[in-house]
Number of protein chains: 2
Amino acid sequence: MSTPPPRRAPRQAEAERNDRALLQAAREVLAIDGAHATVAAIAARAGVGIGSLYRRYRTKEELFQQLSTLSLRHSAEAAERGLAAEDPWEGLSRYVTACIEFGQGSLAPVAGTIEVTDDMRALARTANKRLMALVTRAHQAGVLRPEVTPVDISLLIEQLARSPVVDQLRQQGREGLMPAATEARKRIITIALNGLRAGNGDPLPGEPPTDQLFTERWR
Amino acid sequence: MSTPPPRRAPRQAEAERNDRALLQAAREVLAIDGAHATVAAIAARAGVGIGSLYRRYRTKEELFQQLSTLSLRHSAEAAERGLAAEDPWEGLSRYVTACIEFGQGSLAPVAGTIEVTDDMRALARTANKRLMALVTRAHQAGVLRPEVTPVDISLLIEQLARSPVVDQLRQQGREGLMPAATEARKRIITIALNGLRAGNGDPLPGEPPTDQLFTERWR
DNA sequence: CCAGTTGCGGAGCGATTTACTCCGGTATAA
DNA sequence: TTATACCGGAGTAAATCGCTCCGCAACTGG
């Protein structure tokens with residue numbers, strides 16, 4: 001009848017490692033399989049049993065929500081770091097690079113399939129506000145093509161956030177070629193970033209895109 | 001006992017229309033669902049019965065092989081047109097644009113899952129030879145960044161050949177936003193092409209990628 | 001060493017989805 | 001009208017899905 005004394009969980013460290021592995025694995029599997037990503041594939045890639053996944057997240061949707069929240073938080077932080085940089089171009093290009101490397105783009109396929117929480121909405125607003133500041137500052141410094149809008153930047157990030165080469169080599173298990181693929185990917189990103197700089201090449205066609213393109217997909 | 005006179009097939013025109021619709025639908029579904037694309041989804045998007053699909057192609061693999069062959073043929077032809085252009089930059093950039101618009105990138109997920117025919121190998125060789133010529137000519141004219149290799153170009157095409165925004169809006173059936181998405185996509189492509197031009201921005205990092213990255217994936 | 005507790009992996013479950021077959025019906029040329 | 005070539009999609013066995021459950025291993029306090 002006595003209250004048992006509080007005890008430190010025996011295997012808590014392993015649990016935390018597993019959680020991180022699950023989140024990273026989920027990003028990778030989502031990048032490869034898109035909307036058809038399965039919990040079995042995620043658990044397998046994390047080197048973790050299915051049971052452990054379902055102890056931490058009650059459903060597949062809950063896992064994806066957590067993934068989205070973390071991604072948005074990371075994006076907001078990256079934008080803050082970008083604004084902290086002295087050089088406007090450095091700030092913007094580091095923001096873009098950070099978003100790409102974190103695997104922001106893996107989340108595209110879950111848009112519309114999960115319920116958007118208030119947390120997610122607030123983080124998205126913050127990140128977007130900071131991105132606008134980054135773009136404005138770069139425009140004023142004259143280092144960014146004047147026609148480029150924040151939505152252009154977001155779409156460019158989304159476009160570069162998945163790497164067909166890297167994803168497919170991962171899927172085929174050809175780990176030996178991965179370093180070369182990662183290097184090649186960095187070159188592609190550099191090319192795209194160079195295309196954003198002021199003074200180079202053809203003007204951008206069409207009207208500036210509205211952010212409806214970006215928000216509407218999450219319903 | 002007389003030989004029956006040759007007759008024109010009653011519904012042959014419809015059959016041809018269906019074939020074209022199937023191929024286009026396959027490209028779209030592959031772009032959205034990747035390796036998990038199903039025959040049912042392809043037939044439905046084409047507005048055609050499953051039976052009609054299987055009358056034309058004995059298996060799913062046969063359909064994908066035909067798709068790959070057509071895509072390679074298109075790529076070789078686009079490179080030829082590029083070489084025919086007078087301006088070296090115009091020739092290269094039209095080749096890139098043509099490859100992207102044809103949906104070259106939809107095929108990435110089928111790499112390694114289908115048997116490569118001799119036809120496909122020959123077409124790939126031709127296309128690659130012409131791409132090398134395009135790149136060399138652009139280098140000699142001094143309009144292309146000197147570090148850029150043909151493999152860089154191929155990887156850039158692959159990177160741009162799928163559009164996260166467009167694909168997802170299609171999947172969600174939001175046809176109303178598609179024109180805006182298509183315009184926005186063109187801006188992204190222009191940005192990337194501008195990044196290829198000589199004289200702008202940072203140098204490309206790392207070693208030039210080997211074409212092992214590109215060939216190995218088809219086993 | 002022994003209990004006691006906590007988290008582990010994965011076999012198994014019912015429901016769904018898969019590639020593909022088969023056949024009754026329909027559009028078209030003669 | 002009749003013959004023919006092609007159509008759509010219900011149906012089939014097999015595979016796969018998200019998720020539950022439980023026997024077992026790893027760790028802590030005595």
Side-chain angles (χ1 to χ4, degrees), chain A residues 1-23 25-26 29-30 32-67 109-110 112-115 171, chain B residues 1-23 25-26 29-30 32-67 109-110 112-115 171:
Chain A
M1 280 303 230
S2 66
T3 306
R7 273 173 72 136
R8 166 135 183 105
R11 300 174 71 179
Q12 193 160 308
E14 186 180 5
E16 270 176 42
R17 273 202 315 275
N18 282 346
D19 192 26
R20 258 190 294 276
L22 278 171
L23 289 167
V29 173
L30 269 174
I32 294 173
D33 291 334
H36 299 82
T38 68
V39 288
I42 293 171
R45 172 158 285 274
V48 155
I50 299 178
S52 301
L53 190 158
Y54 274 97
R55 200 165 315 101
R56 228 152 298 281
Y57 304 99
R58 280 176 306 181
T59 63
K60 191 183 173 183
E61 176 170 14
E62 198 170 298
L63 168 62
F64 286 165
Q65 282 177 328
Q66 170 74 345
L67 215 54
V110 315
T113 71
I114 64 173
E115 198 190 354
Q171 183 181 24
Chain B
M1 277 308 223
S2 65
T3 307
R7 272 175 71 133
R8 167 136 182 103
R11 301 173 70 175
Q12 193 162 309
E14 186 179 7
E16 270 175 43
R17 274 201 315 276
N18 281 347
D19 191 27
R20 260 190 292 276
L22 278 171
L23 289 167
V29 173
L30 269 174
I32 295 172
D33 291 335
H36 298 82
T38 68
V39 288
I42 293 171
R45 172 159 283 274
V48 154
I50 298 178
S52 302
L53 190 159
Y54 274 97
R55 203 168 312 102
R56 229 150 299 280
Y57 304 99
R58 280 176 307 182
T59 63
K60 191 183 175 184
E61 176 171 16
E62 199 171 295
L63 167 63
F64 286 165
Q65 282 176 328
Q66 170 74 345
L67 215 55
V110 315
T113 72
I114 65 173
E115 198 191 352
Q171 183 181 24

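Order of the sequence lines sets the chain letters (A, B, ...), proteins ahead of strands, with each chain counted from 1. Keep in mind that what you see is a predicted model, and the values were worked out from it rather than measured.
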Novice: Over how many whole Å does the gap from A:Asn18 atom CG to D:dC27 atom P extend?
Specialist: 12 Å
Novice: Whole angstroms only, please: what is the CG-C1' distance between A:Asp33 and C:dT17?
Specialist: 16 Å
Novice: For DNA chain C, find the residues of residues 34-44 of chain B with a heavy-atom distance under 4.0 Å and give them by number; none if there aren't any.
Specialist: B:Ala37, B:Thr38, B:Val39
Novice: Under the side chain to side chain contact (heavy atoms under 4.5 Å, CB included) criterion, do B:Asp33 and B:Gln171 qualify, and how do the steps go?
Specialist: CA-CA 9 Å; B:Asp33 291 335; B:Gln171 183 181 24; 4.2 Å; yes
Novice: Among residues at least two apart in sequence or on other chains, which ones pass salt bridge (charged side-chain N to carboxylate O under 4.0 Å, His left out) with B:Glu61?
Specialist: none
Novice: Please collect all salt bridge (charged side-chain N to carboxylate O under 4.0 Å, His left out) contacts where either partner lies in residues 49-58 of chain B, sequence neighbours excluded, each pair once.
Specialist: B:Arg58-B:Glu62
Novice: Got a second to check how far A:Gln65's CD is from A:Thr113's OG1, nearest 0.5 Å?
Specialist: 9.5 Å
Novice: With sequence neighbours excluded, tell me which residues meet salt bridge (charged side-chain N to carboxylate O under 4.0 Å, His left out) with B:Glu115.
Specialist: none
Novice: Show me the donor-acceptor pairs within less than 3.5 Å that the side chains of residues 36-52 of chain B make with the rest of the protein, sequence neighbours left out.
Specialist:
from, atom 1, to, atom 2, distance (Å)
B:Thr38, OG1, B:Ala41, N, 3.1
B:Arg45, NH1, B:Glu28, OE1, 2.8

Novice: For B:Arg20, give me all partners under salt bridge (charged side-chain N to carboxylate O under 4.0 Å, His left out), at least two apart in sequence or on another chain.
Specialist: none
Novice: Could you state the CZ-P distance from A:Arg17 to C:dG9, rounded to the nearest angstrom?
Specialist: 10 Å
Novice: Which of residues 48-64 of chain A have a heavy atom under 4.0 Å from DNA chain D?
Specialist: A:Ile50, A:Tyr54, A:Thr59, A:Lys60
Novice: Which residues satisfy the side chain to side chain contact (heavy atoms under 4.5 Å, CB included) test with B:Leu23, sequence neighbours excluded?
Specialist: B:Asp19, B:Arg27, B:Tyr57, B:Leu63, B:Gln66, B:Leu67, B:Leu70
